[in-house]
Amino acid sequence: MTRLDLDYFRRFDPVPRPAWTTMTLALGSAAMRFPKKVALELDGPPPDPASPVIFAMNHTHEFDFLPVRHFFHARGHAMVTWIKTRAFQDRAMRVYLERTGNVPLTSRGYLVSADYRAVFGRKPTEDEYRLLRRHVDEAHPLPDEPAPLWEALTRAPRMLLDTHFDPEKTSYRDATRNAYFDYMSATLACARRAMSAGQHMHIYPEGTYSSRLGPGRTGLVQAALALQLPIVLLGLSGMNRVFKRDLPLSRGGALGLRWSAPFRVDPELVPPDFRAFHPDDEETHKVALQAETDRIMDRLDALLDEDCRRHEGFAGDGKRGLARFI
C-alpha cells in the first residue's frame with residue numbers, strides 16, 4: 001500500500017487537464033454506445049446552476065461517474081469527484097485521477113490501517129482493525145494482549161503518519177483523530193481550489209458503492225456546511241441492469257436520471273464554531289448531523305427506481321472493513 005502523505009493532499013491540483021477531460025468524456029460517450037447503445041432518460045429539464053454546487057449521487061456502480069460527467073459537461077457543468085485514497089494506491093490509477101478532476105478523500109479507517117502498516121510492515125487483520133477503530137472512534141480500551149502489538153502502536157515515541165507521536169504528551173487515539181482532521185482540512189482546501197476554478201463538487205453520500213441505496217454518512221452535510229454550497233441530489237438508476245458488473249461495457253437499455261431542486265443545509269444546524277470533520281465536533285453534534293443526513297437520503301431514495309431503492313434492514317452490500325481502505 002502506497003501511503004499518500006499530508007503534503008500530497010495539500011499540493012494536489014483538483015482541476016482537470018483539458019486533454020484528459022477530453023479522454024474521459026470520450027470514455028463516457030463510448031460507454032453509452034459499446035457494445036450496445038444506452039439511452040439516458042431524463043426527468044424534465046436538467047439543473048443549470050450558475051455557480052458551484054454539490055451534486056450528491058447514489059453509487060451503484062464503479063463507473064457511474066462516466067455517464068453523469070459526460071451529460072453535465074456537455075451542458076457546460078464541469079465537476080470534480082471526491083475519491084477515497086484507496087483508489088490512489090494503484091500507480092496507473094493515481095496518474096489518471098491526478099489529471100481528470102478529483103479530490104482525494106481520506107478516512108479514519110485508512111489512516112489507522114496506513115499507520116499500522118508503517119509500524120509492522122503488514123496490514124492489520126480484520127480483528128485488529130476493528131479493535132483499533134473502536135478505540136479511536138469510541139475510546140474503547142484495547143485488550144492487554146498481545147502487549148507488544150499495542151505497546152509499539154500506542155506507547156512508544158515514533159512517527160505517526162506525518163507527525164511525531166509522543167505518548168507522554170498525547171494519546172494514540174487523540175493523535176490519530178488529530179491527523180484525520182488535518183487530512184480532511186486539506187481535502188476541504190483542495191475542494192475550494194476546484195470551486196475557485198468553477199468546478200462543481202460530485203460526492204457519494206454513502207461512502208461506498210452498493211447495488212441499492214445504503215445508509216448515508218454525515219460527510220455530505222459537513223462538506224455543504226464547510227464549503228457553503230447548495231446541494232443538488234442526483235438519482236441514477238439502471239447502472240447494474242445496463243452495464244456489466246464493475247465494467248463500463250453496456251448490455252443496452254436505459255438509465256434514468258432524476259434530480260432535486262437545489263437546497264441548502266441550515267447553517268444553524270450546528271453552532272458557528274463547528275469544525276467540519278473534527279472528531280470531537282462530529283461526536284458532539286452527531287445526532288443533528290445524522291438526522292439531517294437521513295432526511296437527505298430519504299429525498300435521494302425517492303429519486304430512484306424501485307430496484308435501486310433501499311429496503312428495510314438493508315445496510316449496503318459494498319466493500320466492508322479493511323477492503324474499503326486497502
Side-chain angles (χ1 to χ4, degrees), residues 47 49 52-65 67-69 72 79-87 102-110 180 184 187-188 190-191 194-195 199-237 239-240 256-267 269-270 274 276-277 281-282 285-305 308-311 314-320 324-325:
V53 303
I54 297 176
F55 287 113
M57 192 174 86
N58 62 305
H59 196 13
T60 57
H61 193 281
E62 189 168 356
F63 290 94
D64 54 19
F65 69 94
V68 170
R69 278 203 180 191
F72 280 102
M79 62 178 68
V80 297
T81 303
W82 288 36
I83 299 286
K84 282 190 173 180
T85 43
R86 179 181 182 274
N102 299 285
V103 173
L105 173 69
T106 195
S107 64
R108 274 162 287 199
Y110 170 76
Y180 169 70
M184 287 307 302
T187 289
L188 289 172
C190 186
M195 289 167 53
Q199 301 283 320
H200 299 288
M201 302 293 107
H202 176 215
I203 294 178
Y204 297 108
E206 298 159 275
T208 187
Y209 66 91
S210 175
S211 60
R212 288 181 177 272
L213 188 69
R217 301 177 183 274
T218 65
L220 170 63
V221 171
Q222 294 187 70
L225 288 168
L227 300 175
Q228 299 181 347
L229 288 180
I231 297 171
V232 174
L233 299 176
L234 298 179
L236 182 65
S237 299
M239 285 296 297
N240 287 305
L257 183 62
R258 305 182 184 98
W259 45 80
S260 72
F263 65 93
R264 290 185 179 271
V265 175
D266 185 352
L269 181 73
V270 292
F274 174 77
F277 301 106
D281 290 17
E282 286 181 324
H285 304 287
K286 179 179 179 179
V287 172
L289 291 169
Q290 191 61 57
E292 181 66 12
T293 298
D294 292 344
R295 284 191 288 269
I296 290 173
M297 297 306 287
D298 287 343
R299 296 181 64 179
L300 180 54
D301 190 60
L303 299 174
L304 299 172
D305 289 352
C308 296
R309 299 184 69 178
R310 61 192 178 196
H311 277 191
F314 180 75
D317 54 8
K319 292 181 173 66
R320 295 179 180 273
R324 294 177 58 210
F325 315 111

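- No side-chain heavy atom of F72 sits less than 4.5 Å from a side-chain heavy atom of H202.
- Between R86 atom CZ and T106 atom OG1 the span is 13.5 Å, to the nearest 0.5 Å.
- Residue L300 is tested with L213, L234, L220 for a side-chain contact (heavy atoms from CB on, under 4.5 Å); the sole match is L213.
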Inset, instruction - Start with the C-alpha distance between H285 and F274, add both sets of side-chain angles, then the distance that settles ring-ring contact (aromatic ring centres under 6.0 Å, His included), and finish with yes or no. - result: CA-CA 9 Å; H285 304 287; F274 174 77; 5.7 Å; yes
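- Using a 4.5 Å heavy-atom threshold, the side chains of M57 and Y204 count as touching.
- Counting only distance, with no hydrogens or angles, the side chain of T60 and the backbone of M239 share no donor-acceptor pair below 3.5 Å.
- Between R212 and D301, no side-chain nitrogen of the basic residue sits less than 4.0 Å from a carboxylate oxygen of the acidic one, so the salt-bridge criterion is not met.
- With a 4.5 Å cut-off on side-chain heavy atoms, D281 and Q222 do not count as touching.
- Of all the heavy atoms in R258 and S237, the pair that sits closest is NH1-OG, 4.1 Å.
- Between Q199 and M201 the shortest heavy-atom distance is O-CE, 3.8 Å.
- Looking at heavy atoms from C-beta onward, Y209 lies out of side-chain contact with H61 at the 4.5 angstrom threshold.
- The side-chain contact (heavy atoms from CB on, under 4.5 Å) check on R264 picks up P230, with sequence neighbours excluded.
- When all heavy atoms of S260 and V232 are compared, the pair lying nearest together is O-CG1, 3.5 Å.
- Of all the heavy atoms in L105 and T187, the pair that sits closest is CA-OG1, 4.0 Å.
- Side-chain contact between V53 and L229 is absent, with no heavy-atom pair separated by less than 4.5 Å.
- S210 places no side-chain N or O within donor-acceptor distance of the main-chain N or O of H59, the cut-off being under 3.5 Å.
- Across P47 and F55, no two heavy atoms sit closer than the pair CG-CE2, 4.3 Å.
- Side-chain contact between P205 and T293: absent, with no pair of heavy atoms (C-beta onward) separated by less than 4.5 Å.
- Closest non-hydrogen pair, A56 versus I231, comes out as CB-CG2, 4.1 Å.
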